[in-house]
There are 2 protein chains.
Amino acid sequence: MRREFKKKSRILLIDDNYEHLAGIRELLNLEGTFDVVGIATNVSMGVNLVKKYQPDVVLLDMNMPDRDGLQGIVDITKLELGTKILALSGYDDADLIFRAMKIGAKGYVLKTMASAQLIYAIEEVLNGKIYLPNALTSRFFEYFQKSFQEENSRQENAMDEENLLNELTQREEEVLELLTQGITYKGVANKLFISETTVKTHVNNIFQKLQVNDRTQAVLYAINNGFLTKRVKIAV
Amino acid sequence: MRREFKKKSRILLIDDNYEHLAGIRELLNLEGTFDVVGIATNVSMGVNLVKKYQPDVVLLDMNMPDRDGLQGIVDITKLELGTKILALSGYDDADLIFRAMKIGAKGYVLKTMASAQLIYAIEEVLNGKIYLPNALTSRFFEYFQKSFQEENSRQENAMDEENLLNELTQREEEVLELLTQGITYKGVANKLFISETTVKTHVNNIFQKLQVNDRTQAVLYAINNGFLTKRVKIAV
DNA sequence: ATAGATATAGACCATCTGGTCAATAAAATT
DNA sequence: AATTTTATTGACCAGATGGTCTATATCTAT
């Protein structure tokens, strides 16, 4: 029915479960439009095969010993061969999905899903799209929003009225900013064209206001309380 | 056909384009399962209406003056009424989609999409799900992965062999860690049960290895080069 | 077994840091 | 006009910090 004038897409499989590996190979071969150019049961071997055969898509199992699945995504991406990675997993672990997508997987499908969906996912990914089943998209965003909640509240906190940094005068902020670059009294004095004594006075006032005892603590306070993010305004 | 024994979902609309506002209201009213409890042409009014009528879902236009759309999401979320927010937009600006989802929108639909899809989106969101059309999901992930690329490379850099932190011995790392808490020589000596002189020796070695001149710079180096993220292992 | 790396510690010294008190001038606020 | 805040500087001092040199005692790897 279908002739080979349209070149097949080259697929590589990495999964520590050989049964599953063989199963998928059968499935893809039956489909006819795919060419399974290699299979591997561990990541390092798989990465080598990717280097050798330069497949279009890699199906990469996420549920392997250690965090090898994620590492695989990183390693393959680092080769910069434009290889699309489709993550495969036995269950919908939100954290895994999030990390996999974050570091560059083009899609994520569950092993429990119908084979037609796997085929579809591969095709979408081949076409340069991202493919995530609706269920996983939901899982992803739940996790995504949750993981940003703390960052959001931290950020709100950073521009809170409780922030001791707001007590600082403009000049004191300038001095503190220089302190956060690890500059000495003399250095600050030179940069601001004021005497070293003046710098000391400012610094002492800063310590008072931030309720710390030394420059290191002041710098840490500044960093942890959004000294930088504060002035960049609402980053949402 | 359909009787009112099943209570209608309460919807509120916020859009600075009145025509569009009226259009959606008609559409939703025709549908029969929705009850448009309020409409507003700007965010502050809208937020007040949310407070008053406590709708189940807010359809919120993203393309309003300033960054009012995003601000609306933040404001409504802050009310903590469990209101689901469905973002509406005229075009698929990846940055907008990303920010909207990040701060808590439950979905994002384009005004150009078929009305059936809007209805579907509302229903999904009502059911506690996240709804993003496939096209927008792709846009989102492109942006998502791009925005993490720099963070990834920074992180790779953090566990790079070039990282001077790797030159430190275990003991020196311990000392540095205490320094990053703004602790004095004497304090470190007490914590580690060694003499103050020894601490000084370690600190001096640390300075040498990190090529800095004082503790503040050492602490900054540690923070900027993933001193913390490094030991948390691959955070991917 | 021997060389190298690591952890420990003392002595000495110059400089930096932080604390305190006092004082002047300009700017902002009341 | 009077008061408060801010920015500036000096003097003095104790203690912390950083640089250098030396010297053990382990431990590790060749």
* Supply the atom-to-atom distance B/Q71 CD to B/L60 CG, rounded to the nearest 0.5 angstrom. => 11.0 Å
* CD on B/E196 to OG1 on B/T184, rounded to 0.5 Å -> 6.5 Å
When you check the phosphate oxygens OP1 and OP2 of [N], does a side-chain N or O of [X] lie under 4.0 Å from one of them?
{"X": "A/T169", "N": "D/dA7", "answer": "yes"}
{"X": "A/N204", "N": "C/dG19", "answer": "yes"}
{"X": "B/Y185", "N": "D/dG18", "answer": "yes"}
{"X": "B/T184", "N": "D/dT17", "answer": "yes"}
{"X": "B/T198", "N": "C/dT8", "answer": "no"}
{"X": "A/T201", "N": "D/dA7", "answer": "no"}

* Take the angle between the ring planes of A/F98 and A/F144 and call it parallel below 30°, perpendicular above 60°, tilted in between. =>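 Geometry flag for A/F144 against A/F98: tilted rings.
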* In terms of side-chain heavy atoms of A/S195, which of C/dG18, D/dT9, D/dT8 is nearest? -> D/dT9
* **Closest nucleotide among D/dG19, D/dA16, C/dG18 to the B/F207 side chain** => D/dG19
How many Å lie between [atom1] on [X] and [atom2] on [N], as a whole number?
{"X": "A/K200", "N": "C/dG19", "atom1": "NZ", "atom2": "C1'", "result": "8 Å"}
{"X": "B/Q217", "N": "C/dT17", "atom1": "CD", "atom2": "P", "result": "10 Å"}
{"X": "A/R171", "N": "C/dA27", "atom1": "CZ", "atom2": "P", "result": "14 Å"}
{"X": "B/N213", "N": "C/dT17", "atom1": "CG", "atom2": "P", "result": "11 Å"}
{"X": "B/E196", "N": "C/dC12", "atom1": "CD", "atom2": "P", "result": "16 Å"}
{"X": "A/E172", "N": "D/dT8", "atom1": "CD", "atom2": "C1'", "result": "13 Å"}
{"X": "A/L192", "N": "D/dT9", "atom1": "CG", "atom2": "C1'", "result": "15 Å"}
{"X": "B/R215", "N": "D/dG15", "atom1": "CZ", "atom2": "C1'", "result": "13 Å"}

* Cation-pi between B/R99 and B/Y143: NZ/CZ under 6.0 Å from ring centre and within 45° of the ring axis? -> no
* Is B/K84 reaching over with its side chain to a backbone N or O of B/V125, donor-acceptor style, under 3.5 angstrom? ->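 Checked: no pair found.
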* How would you label the contact of B/K186 with the nucleic acid (heavy atoms, under 4.0 Å): base, sugar-phosphate, or nothing? -> sugar-phosphate
* Asked: Touch check for A/N205, heavy atoms < 4.0 angstrom, all strands: base, sugar-phosphate only, or nothing?
  ->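 If one applies the 4.0 Å heavy-atom cut-off, A/N205 turns out to touch nothing in the nucleic acid.
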* Tell me which of B/T197 and B/Q170 sits closer to the 5' end of DNA chain C, going by the nucleotide each one is nearest to. => B/Q170
